Amino acid sequence: QVQLVESGGGLVQAGGSLRLSCAASGRTFRSIAMGWFQQAPGKEREFVAAISRSGVNTYYADSVKGRFTISRDNAKNTGYLQMNSLKPEDTAVYYCAASDRYYGGSLANNYDYWGRGTQVTVSS
């Protein structure tokens, strides 16, 4: 079983930056792939970014490509999502997810464990 706890959300003005963290426990961190998803009010959960176990493979939604960076520190059992040039449409609850696969990709069904989410609000 893997437990995930997100942190780093908050209120920021458009154009600003935030870094989300996802602390994992319960399994060897390098044995799980990670991803980030977002869910805005009234919308379905959407893929944001994914990273493989080793960190070599990454993948982004078109809407965040060039602005967001996913990374991981296997020594610290923590994954990150650096969000720059934030826009009001990025406002959502952001969820960290972990997969038993080498690489989870963009499909939510590929992920086996989920955090409770952290709110990100971008004001215009």
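Keep in mind the model is a prediction, meaning the values are calculated, not measured. Values below: all heavy atoms of this structure, side chains included; hydrogens, waters and symmetry mates excluded.
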Among the clusters formed by ILVMFWY side chains lying less than 4.5 Å apart, do [X] and [Y] turn up in the same one?
X	Y	value
Tyr111	Ile32	no
Tyr103	Val48	no
Ile70	Leu18	yes
Tyr94	Tyr113	yes

| request: Please list, chain by chain and in numerical order, all residues satisfying ring-ring contact (aromatic ring centres under 6.0 Å, His included) with Phe47, sequence neighbours excluded. | output: Phe37, Tyr59

| Contacts of type ring-ring contact (aromatic ring centres under 6.0 Å, His included), residue Tyr95, not counting sequence neighbours | none

| request: Assess whether atom NZ of Lys43 is packed by more than 12 heavy atoms of other residues, nucleotides or ligands within 6.0 Å. | output: no

| note | What one should report as the nearest heavy-atom pair of Ser52 and Val56 is OG-N, 3.4 Å

Determine yes or no for a side-chain-to-main-chain donor-acceptor pair under 3.5 angstrom, with [X] supplying the side chain and [Y] the backbone.
X	Y	value
Asp112	Asp100	yes
Arg53	Ser31	yes
Arg27	Val2	no

| message | Before you tell me yes or no, could you show the steps for Thr69 and Tyr80 under side chain to side chain donor-acceptor pair (under 3.5 Å), namely the whole-Å CA-CA distance, both residues' side-chain angles and the distance that decides it to 0.1 Å? | response | CA-CA 8 Å; Thr69 303; Tyr80 303 98; over 6 Å; no

| Can you check whether Trp114 reaches Arg45 side chain to side chain, under 4.5 Å on heavy atoms? | yes

Return a table of donor-acceptor pairs under 3.5 angstrom between the side chains of residues 117-124 and protein atoms on other chains or two or more places apart.
from	atom 1	to	atom 2	distance (Å)
Thr118	OG1	Gly9	N	3.2
Gln119	NE2	Ala92	O	3.4
Gln119	NE2	Thr121	OG1	3.3

